[in-house]
2 protein chains.
Amino acid sequence: MTSLAPAFSGDIADCPSPDLSFLLDHTSHVLRTRMAAALAEVGMTARMHCVLVKALEEERTQIQIAEIGDMDKTTMVVTVDALEQAGLAERRPSATDRRARIIAVTDAGAEMAKRSQAVVDRVHAEALGSLPEELRPVLLEALTLLARGHLAEPVESPAGARRARQV
Amino acid sequence: MTSLAPAFSGDIADCPSPDLSFLLDHTSHVLRTRMAAALAEVGMTARMHCVLVKALEEERTQIQIAEIGDMDKTTMVVTVDALEQAGLAERRPSATDRRARIIAVTDAGAEMAKRSQAVVDRVHAEALGSLPEELRPVLLEALTLLARGHLAEPVESPAGARRARQV
DNA sequence: TATTGTTATACTCTATAACTATA
DNA sequence: TATAGTTATAGAGTATAACAATA
């Protein structure tokens, strides 16, 4: 019971109308655990899947993929290490920039991307499929509007900004 | 740019139909940063707010509030410490169980709970208010159905279970 | 000088373990 | 024996700093 939904109305069964924070926190957290469990069955994580897919679309460097997936470049290193160890991707020198590494997906990686995408699609379909049909498009529409509009950008964390390292 | 949305379609502007995982992760993450920033202005965190509200409703022990808010009891200790230091709540011995501590909200705490609840309501109203009026109830309805139904309970994390401590 | 990628590590968060005191 | 609360700390995750190679 990881408390990723740390606040507001906890007991949804009793609650006539839980608030937006609780609803978004709870549903995203649970969906994430379902996704992680489903991807783990094929030996993948959500990050590995994301990198694989973005690397397949076109030739991209680590930094480019990190930006797309909103990861730190150091997190990217760890993820690419995992993909390499699993034989799903390789680092190749860029032809145009000798500092940069192209993430090349192996045949096994391309195969895996298909499987993991099927897993992702299945998990999403199961969640949406549990809703009355008329609610499915409006849920996606409303969330998309929020994600593009009022909830597009995180605001600065008040005390959360990581301090500089002690030297 | 905390990467709490570590996967799937990153660039929402280009994406015709971002997937449910991205939408829920992104919106919940950004709403959380907005809530944290707004509550920080009155010196509160979401957890402190949650504990204060639940302690005000009726006489409750730390464990009871921890269960409602889905927190670990050790996390609860830290939160109550913060509330005590801010003069918003006090630990009082339970009349019926000398092991247990009732979380008693001070006058300042009750005042603060009003203010922080107003902050919470405002942040939610701003988010919902950014949507076309007809989408607001259906968004809440769809999320509530998911939170009570298919996405009610987290599934076990594959490798996530914390290991026993090294002795 | 700025940037890509790497290593090393510091910071935050949260849960486990062990403990005290009660039940 | 089991539970409420506490302390201390381990483990996971992630970002900062410093660095090497290159732009």
Inset, instruction - Using a 4.5 Å cut-off on heavy atoms from C-beta on, say whether the side chain of B:L39 contacts that of B:V123. - result: no
Inset, instruction - Give the nucleotide from the list C:dT4, D:dT7, C:dT6 with an atom nearest to the side chain of B:V77. - result: D:dT7
Legend entry - Flag if over 12 foreign heavy atoms under 6.0 Å of CD, A:E126: yes
Inset, instruction - For the residue pair A:L140 and A:L128, establish whether any side-chain heavy-atom pair is separated by less than 4.5 Å. - result: yes
Legend entry - Under 3.5 Å: donor-acceptor pair, side chain of A:T106, backbone of A:G87: yes
Inset, instruction - Would you indicate whether the side-chain heavy atoms of B:L139 and A:L146 approach each other to under 4.5 Å? - result: yes
Inset, instruction - With sequence neighbours excluded, give me every side-chain hydrogen bond (donor to acceptor under 3.5 Å, both in side chains) pair touching residues 84-93 of chain B. - result: B:Q62-B:R91, B:D81-B:R91, B:E84-B:R91, B:E90-B:R92
Legend entry - Length of the line joining B:K73:NZ and D:dT3:C1', which is rounded to integer Å: 8 Å
Legend entry - B:Q62 side-chain N/O to D:dT6 phosphate OP1/OP2 under 4.0 Å: yes
Legend entry - Residue-phosphate contact under 4.0 Å: A:T75 side-chain N/O, D:dA15 OP1/OP2: yes
Legend entry - Nearest-Å distance for atom pair CG/C1', residues A:D81 and C:dT7: 11 Å
Legend entry - Atom-pair distance (CD1 on A:I63; C1' on D:dA23), nearest Å: 14 Å
Inset, instruction - May I ask you to test the B:M44-B:R115 pair for a side-chain heavy-atom distance under 4.5 Å? - result: no
Legend entry - Value in whole Å for how far the P atom of D:dG13 lies from CE of A:M71: 14 Å
Inset, instruction - State, yes or no, whether a side-chain contact exists between B:V78 and B:R47 at a heavy-atom distance under 4.5 Å. - result: no
Inset, instruction - Can you pull out how bent the helix from C:dT1-D:dA23 to C:dA23-D:dT1 is, comparing the axes over its first five and last five pairs, to 10°? - result: 10°
Inset, instruction - With the side chain counted from C-beta on, respond yes when A:H150 and B:R34 share a heavy-atom pair under 4.5 Å apart, and no when they do not. - result: yes
Legend entry - B:D72 CG to C:dT16 C1', straight-line distance once rounded to whole Å: 8 Å
Inset, instruction - Rounded to the nearest angstrom, tell me the gap between atom CD in A:E67 and atom C1' in C:dG5. - result: 13 Å
Inset, instruction - Establish, with yes or no, whether the OP1 or OP2 oxygen of D:dA4 is under 4.0 angstrom from a side-chain nitrogen or oxygen of B:R60. - result: no
Inset, instruction - Please list, by residue number, the residues of residues 83-101 of chain B whose heavy atoms come closer than 4.0 Å to an atom of DNA chain D; answer none if no residue qualifies. - result: B:R91, B:R99, B:A100, B:R101
Legend entry - A:T61 side chain, from C-beta outward: closest of D:dT16, C:dG5, D:dG5: C:dG5
Inset, instruction - Taking only the side-chain nitrogens and oxygens of B:R47, find out if one of them lies under 4.0 Å from OP1 or OP2 of C:dC13. - result: no
